[in-house]
2 protein chains.
Amino acid sequence: MRPEDAFGKVLRDLRVKSGLSQEKLALEANLDRTFISLLERGLRQPSLVTILEISKILKVPAAHLVELAEAEMKK
Amino acid sequence: MRPEDAFGKVLRDLRVKSGLSQEKLALEANLDRTFISLLERGLRQPSLVTILEISKILKVPAAHLVELAEAEMKK
DNA sequence: CTGTAGACTCAGGTCGACT
DNA sequence: TAGTCGACCTGAGTCTACA
C-alpha cells in the first residue's frame, strides 16, 4: 500500500480495537480531533513526538507502532 | 536525558558506528547536511518519513531506532 | 462520531556561505 | 568534517464551523 497511508491504517486499527473515539484519543494525547482524522486518512504524517504521544495512549510501544506501519507499506 | 536529545544521540551513535559522515548520510537519505547536524544536537525532531529514510541508510529497522530513542529518554 | 474546509501558527527541512 | 547563521518554503498541528 502507499507509504503515506500505512501509519493511518495502523492508527485506526489500534484505536478502534481499544474502543476509543477520535475525539477521546485526541483529548488524551493532547492533539486535535481533526488532526487524528487527517492522520488516519493518510493526509498528514506524524512526527516522532506525535507517535510517542499516541503510543502512550494506545498502550503499545512506539517502536511497535512503527513496526506495524513498515509492515503495511510492504503490502 | 531530555526527550528532545534522545533521537539525536541515537542517530549520532549509529552514524559514527557505520563510518558515515553527516554529509554522506544526508546525501544518501535525500536530506540536507545541516539538518542532520540539527537532528544530532536535538535542535530538530524527525518526522516519521525522515526516520524511515535514515533507518534505510543506516540499515537498522526504523522500529529499532525508535526503540533506542525511547530507551535513551528513560535514562 | 467523523469528514471536510479555510485560515492560521510554528516546527521540519533546504540552501548558500562562512568558521 | 562539523557547527552556525539567515533567509526561505513546506508540511505538521490547531481552531471554528458545518455537513
Side-chain angles (χ1 to χ4, degrees), chain A residues 1-60 62-63 65-70 72-73, chain B residues 1-60 62-63 65-70 72-73:
Chain A
M1 82 186 302
R2 301 167 58 226
E4 315 93 86
D5 296 328
F7 182 83
K9 180 178 191 326
V10 170
L11 171 55
R12 175 159 297 179
D13 281 1
L14 292 178
R15 176 182 62 79
V16 170
K17 205 172 292 177
S18 61
L20 290 172
S21 66
Q22 289 182 353
E23 190 158 18
K24 234 181 141 29
L25 170 60
L27 208 76
E28 300 193 30
N30 296 309
L31 292 169
D32 196 87
R33 199 219 89 215
T34 64
F35 184 55
I36 302 290
S37 175
L38 292 170
L39 281 179
E40 291 190 355
R41 284 172 296 134
L43 299 178
R44 288 287 194 286
Q45 296 307 312
S47 67
L48 176 57
V49 299
T50 300
I51 296 175
L52 292 171
E53 291 288 343
I54 290 178
S55 72
K56 202 187 306 172
I57 307 307
L58 294 182
K59 287 166 188 156
V60 309
L65 247 166
V66 172
E67 199 176 6
L68 292 174
E70 276 188 303
E72 281 299 328
M73 291 179 199
Chain B
M1 82 185 304
R2 302 167 58 227
E4 314 92 87
D5 296 328
F7 182 84
K9 181 179 190 324
V10 170
L11 171 55
R12 174 158 296 179
D13 280 1
L14 291 177
R15 175 181 64 79
V16 170
K17 205 172 292 176
S18 59
L20 290 173
S21 66
Q22 290 181 352
E23 190 158 18
K24 231 178 144 29
L25 171 60
L27 208 74
E28 301 194 28
N30 297 309
L31 291 169
D32 196 88
R33 201 218 89 216
T34 63
F35 184 55
I36 302 291
S37 175
L38 292 170
L39 282 178
E40 291 189 354
R41 283 173 297 134
L43 300 178
R44 287 286 194 288
Q45 297 306 312
S47 66
L48 175 56
V49 299
T50 300
I51 296 174
L52 292 171
E53 292 288 342
I54 291 178
S55 72
K56 201 187 307 173
I57 307 306
L58 294 181
K59 289 168 187 155
V60 309
L65 247 167
V66 172
E67 197 175 7
L68 291 174
E70 275 188 303
E72 281 300 328
M73 291 180 199

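Just so you know, these numbers use all the heavy atoms, side chains as well, and skip hydrogens, waters and symmetry mates.
By the side chain to side chain contact (heavy atoms under 4.5 Å, CB included) test, L43(B) pairs with L38(B), R41(B), sequence neighbours left out. Listed by chain and residue number, nothing satisfies the side chain to side chain donor-acceptor pair (under 3.5 Å) test with Q45(B) (two or more places apart in sequence, or in another chain). With sequence neighbours excluded, the residues that form a salt bridge (charged side-chain N to carboxylate O under 4.0 Å, His left out) with K24(A) are E28(A). Not a single salt bridge (charged side-chain N to carboxylate O under 4.0 Å, His left out) links E23(A) to another residue, sequence neighbours left out. With sequence neighbours excluded, the residues satisfying side chain to side chain contact (heavy atoms under 4.5 Å, CB included) with T34(A) are D32(A). Not a single side chain to side chain donor-acceptor pair (under 3.5 Å) links S55(B) to another residue, sequence neighbours left out.
Residue N30(B) contributes atom CG, which lies 16 Å from atom C1' of dG12(C) at whole-angstrom precision. With rounding to whole Å, L31(B) atom CG is found 13 Å from dG12(C) atom P. Rounding to whole angstrom units, CD of residue E40(A) and P of dT2(C) are separated by 7 Å. Atom pair F35(A):CZ and dT2(C):C1' shows a separation of 16 Å (rounding to whole Å applied).
Proximity of I54(A) to L31(A): side-chain heavy atoms (C-beta onward) are separated by under 4.5 Å at one or more points. Contact annotation: the side chain of L14(A) approaches that of V60(A) to within less than 4.5 Å [non-hydrogen atoms, C-beta and beyond].
The stretch residues 1-28 of chain B has no heavy atom under 4.0 angstrom from DNA chain C at all. Contact check of residues 42-52 of chain A against DNA chain D (heavy atom, cut-off under 4.0 Å) returns R44(A), Q45(A), P46(A), S47(A), T50(A).
Closest heavy-atom contact between N30(A) and E53(A): ND2-OE1, 4.4 Å. The two residues L25(B) and R15(B) have their closest heavy-atom pair at CD2-CD, 3.7 Å.
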Please list, one pair per line, the donor and acceptor atoms closer than 3.5 Å that link side chains of residues 3-12 of chain A to other protein atoms, with sequence neighbours excluded.
{"from": "E4(A)", "atom 1": "OE1", "to": "R2(A)", "atom 2": "NE", "distance (Å)": "3.3"}
{"from": "E4(A)", "atom 1": "OE1", "to": "R2(A)", "atom 2": "NH2", "distance (Å)": "2.6"}
{"from": "D5(A)", "atom 1": "OD2", "to": "R2(A)", "atom 2": "NH1", "distance (Å)": "2.9"}
{"from": "K9(A)", "atom 1": "NZ", "to": "D13(A)", "atom 2": "OD2", "distance (Å)": "3.2"}
{"from": "R12(A)", "atom 1": "NE", "to": "E40(A)", "atom 2": "OE1", "distance (Å)": "2.6"}
{"from": "R12(A)", "atom 1": "NH2", "to": "E40(A)", "atom 2": "OE1", "distance (Å)": "2.8"}

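Contacts of L38(B) with the nucleic acid, taken as non-hydrogen atoms under 4.0 Å apart, are absent.
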Which atom pairs link the protein and nucleotides 15-19 of chain D when you take only N or O atoms and keep those under 3.5 Å?
{"from": "dC15(D)", "atom 1": "N4", "to": "T34(A)", "atom 2": "OG1", "distance (Å)": "3.4"}

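OP1 or OP2 of dT2(C) has not a single side-chain nitrogen or oxygen of S37(A) nearer than 4.0 Å.
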